[in-house]
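Comments concern the structure below.
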Amino acid sequence: MTGTPKPSVSVAPALRVIPRDVHGISRKQMSRSALKVLYHLREAGFSAYLVGGAVRDLLVGRAPKDFDIATDATPEQVKSIFRNCRLIGRRFRLAHVVFGREIIEVATFRASSVNDDEEEGRQVLDSGRLVRDNVYGSIEEDAVRRDFTANALYYSIADFGVHDYVGGFDDVQARTLRLIGEPEARYREDPVRMLRAARLAAKLDFSIEPATAAPIPRLASLLADAAPARLFEEAMKLFLAGHARASFEQLEALGLLPELLPETAQALASNKSGALRRMLLQGLRNTDARVAAGEPVSPAFLFAVLLWPAYCRALAQLQAQGIQAVEAQRRAADRVTLKQVARTALPRRFSLPMQEIWLLQPRFALRQRKRVSRLLSHPRFRAAFDFLELRLTASTSHAEDVAYWRDAQVTAPTDGVAAKHQGPGDDSDDGMERGAAR
Ligand code: ATP
Ligand code: MG
């Protein structure tokens, strides 16, 4: 999809060093493994910086998810310094330094590249040397090829200062997300940056600088060319990292929802009462609450929530064509799944339980003794019941079902595992069996 990348920032940026007493980041807040890597690189005569999300997160007082390092050492040189090191990646090689369960990613400064994705980037060149000559660069080049100014700050192990080439420090202080370079060109280079803008604004509670936000609705359709597997990864980060509701609202505001969840966006637009949107937002709030409480969340339940409006719409259409209920449900589930998979490559291990959650919903209306015990012992019962409860946000017509099944879990004698359960809030199941809701 890509031609020769045009550099979006051509002037050599000026360096500003923010000293320790101004930025306030202390080494105590950093991973000990990351510090070891920084020190060893420096002792070996290389420059070494903590970079990216970690510096940004430390500046706003959040605990970083991971600690990435940038250096002028080549991957091979990094490997020669650390015994516990392996090189990964073909187009752009990265060093992973392994400390037990922690992996510190060490990247050599690189010149502007189209995007960060192995598969999608510029064409793989067959000569290793050529790749090296074209890809690695100076720290200035490394800074300006990053997406947002807040993501392009370098904490130096040599002087403990934060090195800023793009005005990122002031932007972080102002809680502003600003693209480096000319926004439209940067989105055209890599449309996923639009989703990253929505996600990071939601996660950090930053506002998106007007010139960075402005082109997004107009360019949103460029996401059609992004790799579905990458969009799935991005969806996981948008919705399973504790800021799902804020992410969803950002996606809506920026006109990105029709690109990421096309069928749901359509269904929400035609649901005049707003009931489906209310339910979806409640499901996302519940997901955020579970993440905040350290409880497991499942992609299957999440996508059941995200695609429920699409499923309801497809079901109504099929039934209007005279297709009988059970068959219509199955077909609606398949149709919605198929269309979504083309956009975000939802793996089957998630789409199958997602469909089960939907297809079990009508069974809550059936109360014969045998059916009750069978449903109670269904492996997906708990997630399906959580979903039934969530549906109360949109409609109370099945309130009685919810009460009945809440009761049934405590009283009904069954031989299945789900019977010896568990009041709401019990968390002994694994994340896949349970809903993200509650
Ligand atoms: P998170 O805290 O969610 O991990 P992050 O900013 O660290 O956020 P990563 O995906 O881990 O995001 O990327 C690490 C760094 O790589 C970013 O901070 C940014 O500097 C750079 N980067 C990532 N994706 C892109 C992109 N699409 N275009 C340019 N730079 C990118
Ligand atoms: Mg990161």
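Counting convention: from 1, in listed order, for ligands and their atoms alike. Everything numeric here is computed off the predicted structure, so don't read it as measured data.
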Open item on the list: Closer than 4.0 Å to some heavy atom of Lys237 - which atoms of ligand 1 meet that?
Closed with: 10 (O)

TODO: Return a yes/no value for Arg186: is any of its N or O atoms, backbone included, closer than 3.5 angstrom to an N or O of ligand 1?
DONE: no

Task: Which segment of Asp190 sits under 4.0 Å of ligand 1 when only heavy atoms are counted - done: side chain

With a cut-off of 3.5 Å and sequence neighbours excluded, list every side-chain donor-acceptor pair involving residues 48-60.
| unit_1 | atom_1 | unit_2 | atom_2 | d |
| --- | --- | --- | --- | --- |
| Arg56 | NH1 | Asn151 | OD1 | 2.7 |

Task: Check: Lys203 N/O within less than 3.5 Å of ligand 1 N/O - done: yes

TODO: Could you verify whether a donor N or O on one side chain and an acceptor N or O on the other, from Arg343 and Gln340, lie under 3.5 Å apart?
DONE: no

Distance-only donor-acceptor pairs under 3.5 Å for side chains of residues 301-314, two or more places apart:
| unit_1 | atom_1 | unit_2 | atom_2 | d |
| --- | --- | --- | --- | --- |
| Arg313 | NH1 | Gln266 | OE1 | 3.0 |
| Arg313 | NH2 | Gln266 | OE1 | 3.3 |

Open item on the list: Below the 3.5 angstrom mark, is there an N/O of Arg199, backbone or side chain, next to an N/O of ligand 1?
Closed with: yes

Open item on the list: Within the 3.5 Å criterion, strictly below it, is a donor on Asp171 or Thr176 matched to an acceptor on the partner's side chain?
Closed with: no

- [ ] Run the numbers for me: atoms of ligand 1, each under 4.0 Å from some heavy atom of Gly52, listed by number.
- [x] 18 (O)

Open item on the list: Taking 4.0 angstrom as the limit and counting only heavy atoms of Arg230, give me the atoms of ligand 1 inside it, by number and element.
Closed with: 27 (N)

TODO: Enumerate the atoms of ligand 1 whose separation from the nearest heavy atom of Arg146 is less than 4.0 angstrom.
DONE: 15 (C), 16 (O), 19 (C), 20 (O), 21 (C), 29 (C), 30 (N)

- [ ] Please name the residue in the list Gln329, Gln355, Lys339 that meets the side-chain hydrogen bond (donor to acceptor under 3.5 Å, both in side chains) test with Asp334.
- [x] Gln355

- [ ] With heavy atoms of Arg145 as the reference, note each atom of ligand 1 found under 4.0 Å away.
- [x] 29 (C), 30 (N)

Open item on the list: Please check: side-chain N/O of Thr264 versus main-chain N/O of Leu261, any donor-acceptor pairing under 3.5 Å?
Closed with: no

Task: Parallel, tilted or perpendicular: rings of His23 and Tyr155 (30°, 60°) - done: perpendicular

Task: Element-labelled atoms of ligand 1 that are located less than 4.0 Å from some non-hydrogen atom of Lys65 - done: 1 (P), 3 (O), 4 (O)

